[in-house]
Amino acid sequence: MASAALPLVMAVAAILSGGARCGFASDTISADSAVSGGRTIVSRGGSFELGFFSPAGSSDRSYYVGIWYKKGVSRCTPVWVANRAAPVSDPASSKLAVEADGNLVLHNEAGKLVWSSNVTSAGSAAVVAVILDTGNLVLRREDDGEVLWQSAEHPTDTWLPGARLGMNKITGHVQALVSWKSSGDPAPGDFRFGMDDPNGSIRFFITWNGNVFWRSGEWDGDVDSIFTWVSSYKYDFELVSDANASYFTYSLQDPTMIVRFVLDVSGVMRQIMWVPSAGEWMTIWMNMGPPILLCDCGVFGVCSENNEPCSCPVGFHPPSEADWELRDCSGGCRRNNPLQCNRTVNSSVLGNDDDGDALLLAPGIFVPINPSPAQASSAQDCRLACLRSCNCTAYSYGSHCSLWYGDLFNLQRVDDTTGMDDLYLRLSAMDVPSSKGQKRTAVFVPIASSVASILALAVMVSVAVIIRTFIRRRQRRITFIQAASEGGNLVAFKYSDMRRATKNFSEKLGGGAFGSVYKGTLPGSPVAIAVKKLEGRANLCGVGEKQFGNEVRTIGLIQHVNLVRLRGFCSHGGERLLVYDLMPNGSLDKAMFGAGAPALSWPERFRIAVGVARGLQYLHEECRECIIHCDVKPENILLDAGLVPKVADFGMAKLVGRDFSRVLTTVRGTVGYLAPEWIAGVPVTAKADVYSYGMVLLEIISGRRNARCWEDTEELEGPSFSGYFPLVAARMVSQGEALAGLPDERLRGDADAAELERVCRVACWCVQDDEAHRPTMEQVVRALEGVVAVDVPPVPRSLQALVEGSGSVMSARTSSCFASMMASQNPI
């Protein structure tokens with residue numbers, strides 16, 4: 001029996017791995033053509049496939065009926081799952097078929113019904129299920145083609161182009177995404193992404209266990225009003241809203257790209273793109289949820305910055321003192337007295353009615369989630385706006401009015417409240433000091449018990465409670481590690497975790513102006529990380545932990561395939577740490593100039609040049625606030641396993657400000673990339689990055705440092721190649737000379753002539769003295785891709801000045817000392 005089943009298992013494995021498949025597969029399931037065992041159906045254009053699969057991270061061999069990419073993606077990636085909560089154990093004896101009543105049903109190995117489309121009015125006509133090239137499985141009548149059911153209206157965790165998210169106003173059915181329980185279990189998880197329209201204002205939201213913890217802005221026709229950050233890979237959103245339904249759909253401007261939205265297991269909504277050159281999915285956009293914290297204090301429970309025990313705010317108390325004494329605070333906090341919303345709303349003087357509700361300041365507490373904005377011209381108007389809504393539970397007023405609705409999670413207590421808006425929590429008026437000066441009883445419940453009380457309580461509580469507490473702690477720790485390793489929300493790491501992860505910062509990878517970088521491994525996982533320990537000015541010792549955390553969270557929002565991804569951070573005392581993905585191929589300078597490093601091929605160099613340009617374009621033009629890198633150089637360009645370039649340290653400019661030119665000019669090698677405006681002391685714009693990028697391009701072409709100190713007797717190979725390479729290249733380009741001899745001699749002339757000319761012209765335009773003559777990074781990308789033609793650039797005057805009085809060709813030693821000369825003549 002086992003030997004007979006082996007070929008079937010191998011066939012299923014071949015299908016899932018994208019291997020060859022024997023036999024003919026249609027795109028249709030009919031009454032006499034079921035899906036069972038290794039049989040699949042494939043969309044007519046070959047884009048999607050439906051059949052049985054087992055998730056890659058599954059601990060047991062559970063099988064599900066799902067839809068995954070067939071063409072263009074080498075990794076089995078399910079986008080829809082039918083029986084996500086009811087797996088089968090034997091696909092060979094399970095069957096997905098269309099029954100006589102028109103329903104599409106799945107029976108497991110025991111013949112039990114585990115999933116159905118629940119169609120109620122198929123009629124007498126024959127019904128078939130067809131998979132489309134959009135990834136949509138439709139159940140329709142054969143005679144007239146009427147669609148009775150479609151998977152696009154019942155999504156799981158993935159939103160594909162053309163699919164709908166919204167609601168049926170007649171039936172009340174909501175089309176929303178629900179996360180997987182874990183990476184190996186597609187059962188419905190804790191997070192849900194959907195759309196609502198309270199008071200006619202359409203917004204997206206994410207809930208955790210039914211409670212909203214992220215909400216977008218209101219839709220005003222612009223995608224940026226819904227999502228805070230937009231990827232550079234453009235897509236068009238469309239809202240359809242009438243008396244019957246309201247829903248969003250979207251399409252890609254470039255239909256050849258493979259892009260999808262996914263609600264991951266940690267509650268983060270991501271836009272993910274398949275990168276064929278790297279053979280993996282890359283996150284190019286994500287919404288920013290709250291940082292993951294190690295403490296879980298439940299609804300209205302307050303976590304502290306230092307991971308101290310949970311507490312309840314004034315007016316709240318723990319529902320179970322015994323659980324809290326055991327540090328099981330997952331039950332959260334309850335109000336001392338129930339709210340009297342209706343009396344408050346009907347009161348003629350809102351908030352002053354002793355029988356109604358009121359709002360009480362919660363000092364030192366903030367809510368790390370997206371609030372709902374409200375129109376209010378003053379703090380009093382904001383307070384009244386909250387009291388008028390029965391669902392409003394908190395408000396704050398700073399530059400604008402922010403309201404929170406429903407139960408609140410992840411409340412945090414901080415010591416440094418600089419820059420924070422005061423938070424007011426809704427309580428029964430009985431728990432708030434009277435406006436007439438008569439104080440009501442206010443309860444504050446810090447949870448800190450002595451060793452003796454814990455031991456005494458342990459004797460009284462049952463063993464079952466202790467086991468339950470241990471399991472919950474263990475599950476929370478597993479969830480934290482999983483979210484960190486799978487790329488969930490930005491993680492606030494403990495300093496002790498980082499010390500263990502880096503073996504007490506023992507393996508140093510390198511260093512620079514902003515600190516040293518150490519190799520490490522995420523706690524409890526095999527994921528390799530690079531931990532940057534900020535030093536000196538970049539350590540931001542004068543800035544509080546809260547402000548540092550806020551800045552880092554902003555940087556964490558910036559997601560692009562050509563930017564290094566920030567996994568998390570640590571702020572402990574005077575220590576500031578940033579945690580990144582480790583790039584296995586190191587930095588570009590080591591790949592280009594490192595001793596013994598194999599020479600990068602021309603196609604690899606060209607792809608790196610284009611990728612870096614795209615990353616800088618995103619920073620300059622596609623973030624809500626333009627971010628100037630200020631230190632573009634090969635050391636800050638990292639290469640992943642597929643040699644995909646990732647611009648690093650792009651957040652340093654934001655963290656330490658733009659007034660750090662003194663730091664940059666003292667770093668070896670950096671001065672060779674500084675734009676003239678840095679030297680002149682004039683205000684710096686994004687065009688300073690363009691200049692630095694141009695100097696990097698010239699190094700990519702030549703394979704040599706622009707400012708390398710060569711001996712007088714050493715010359716670059718080739719005709720008339722002694723001297724300063726940027727000047728030599730600029731002259732050859734401007735005079736229309738053949739450029740075949742310019743590239744790194746290690747390439748042995750193997751460089752695409754058209755690409756070489758484009759790269760050389762672009763580089764020479766980028767290093768023009770006047771920033772107005774330099775292109776934008778968007779223009780650079782379009783030029784490198786060959787979308788626009790590039791004129792012949794003039795030779796920059798600053799490069800020509802180097803040879804004045806030295807003949808037609810500058811000596812190599814003179815060029816190598818260019819940086820020192822400029823620094824001495826123009827002290828910064």
Side-chain angles (χ1 to χ4, degrees), residues 1-43 48-70 76-119 122 127-131 135 137-139 148-151 154-158 178 180-189:
M1 194 70 177
S3 61
L6 183 59
L8 173 62
V9 174
M10 294 177 65
V12 173
I15 291 170
L16 297 183
S17 62
R21 178 173 44 81
C22 299
F24 174 77
S26 70
D27 62 351
T28 303
I29 304 173
S30 61
D32 57 355
S33 177
V35 168
S36 183
R39 181 182 183 265
T40 64
I41 60 172
V42 178
S43 62
F48 289 92
E49 186 171 19
L50 177 145
F52 285 93
F53 77 99
S54 182
S58 177
S59 58
D60 57 354
R61 300 305 290 175
S62 297
Y63 290 88
Y64 303 84
V65 168
I67 299 172
W68 59 86
Y69 291 95
K70 175 65 175 176
C76 179
T77 305
V79 297
W80 181 79
V81 183
N83 56 317
R84 61 186 306 187
V88 302
S89 58
D90 183 11
S93 54
S94 300
K95 182 188 298 184
L96 178 70
V98 176
E99 292 195 328
D101 62 358
N103 268 301
L104 181 65
V105 297
L106 172 64
H107 290 89
N108 65 10
E109 59 280 354
K112 180 181 178 181
L113 177 67
V114 294
W115 179 84
S116 171
S117 59
N118 292 320
V119 170
V127 175
V128 294
V130 181
I131 184 170
L137 178 67
V138 298
L139 191 64
L148 306 175
W149 175 93
Q150 53 185 321
S151 62
H154 302 270
T156 50
D157 70 327
T158 301
V178 179
W180 283 28
K181 189 174 183 180
S182 70
S183 59
D185 186 355

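Count residues from 1 along the sequence.
Shown here are the side-chain contact (heavy atoms from CB on, under 4.5 Å) partners of Pro186, two or more places apart in sequence or in another chain: Pro55, Tyr64, Val81, Arg84, Trp180. Not counting sequence neighbours, Trp115 has no partner by the side-chain hydrogen bond (donor to acceptor under 3.5 Å, both in side chains) test. Here Thr28 pairs with nothing under the side-chain hydrogen bond (donor to acceptor under 3.5 Å, both in side chains) rule; sequence neighbours left out. Under the rule for a side-chain contact (heavy atoms from CB on, under 4.5 Å), the partners of Ser89 that lie at least two apart in sequence or sit in another chain are Glu109. By the side-chain contact (heavy atoms from CB on, under 4.5 Å) test, Glu99 is found to be paired with Asp101, Val105, His107, residues two or more places apart in sequence or in another chain being considered. Not counting sequence neighbours, Thr158 has no partner by the side-chain hydrogen bond (donor to acceptor under 3.5 Å, both in side chains) test. Residues satisfying the side-chain hydrogen bond (donor to acceptor under 3.5 Å, both in side chains) test with Thr77, not counting sequence neighbours, are Trp281.
For Asn83 (side chain) and Val65 (main-chain N/O), a donor-acceptor pair under 3.5 Å exists by modelled atom type. In this structure, the side chain of Arg39 does not engage the main chain of Gly51 through any donor-acceptor pair within 3.5 Å.
Across all non-hydrogen atoms, the minimal contact from Val42 to Asp27 is O-CB, 3.1 Å. Of all non-hydrogen atoms in Pro188 and Ala85, the two that sit nearest each other are CD-CB, 4.0 Å. Across all non-hydrogen atoms, the minimal contact from Leu139 to Gly102 is CD2-O, 3.2 Å. When all heavy atoms are compared, the tightest approach of Ser36 to Pro91 is OG-O, 3.4 Å. In this structure, Gly37 and Phe52 approach most closely via the heavy-atom pair O-CD1, 3.8 Å.
The side-chain heavy atoms of Phe53 and Tyr63, taken from C-beta on, include no pair separated by under 4.5 Å. For the pair Val128 and Val98, the minimum side-chain heavy-atom distance is 4.5 Å or more. Using a 4.5 Å heavy-atom cutoff, the side chains of Ile29 and Ile41 are in contact. Here the side chains of Thr40 and Leu50 are not in contact, with every heavy-atom distance at 4.5 Å or above. Side chains of Leu137 and Phe48 form no contact here, defined as non-hydrogen atoms less than 4.5 Å apart.
In summary, the side chains of His154 and Trp80 do not present any donor paired with an acceptor at a separation below 3.5 Å, with no hydrogens or angles considered. In this structure, a donor-acceptor pair under 3.5 Å is present between the side chains of Asn103 and Ser117.
A distance of 10.5 Å separates CG of Leu104 from CG of Asn118, quoted to the nearest 0.5 Å. Once rounded to the nearest 0.5 Å, the distance linking CH2 of Trp149 with OG of Ser116 reads 9.5 Å.
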Original post:
What do the steps show when you test Ser151 against Ile67 for side chain to side chain contact (heavy atoms under 4.5 Å, CB included), and what is the final call?
Top reply: CA-CA 10 Å; Ser151 62; Ile67 299 172; 4.2 Å; yes
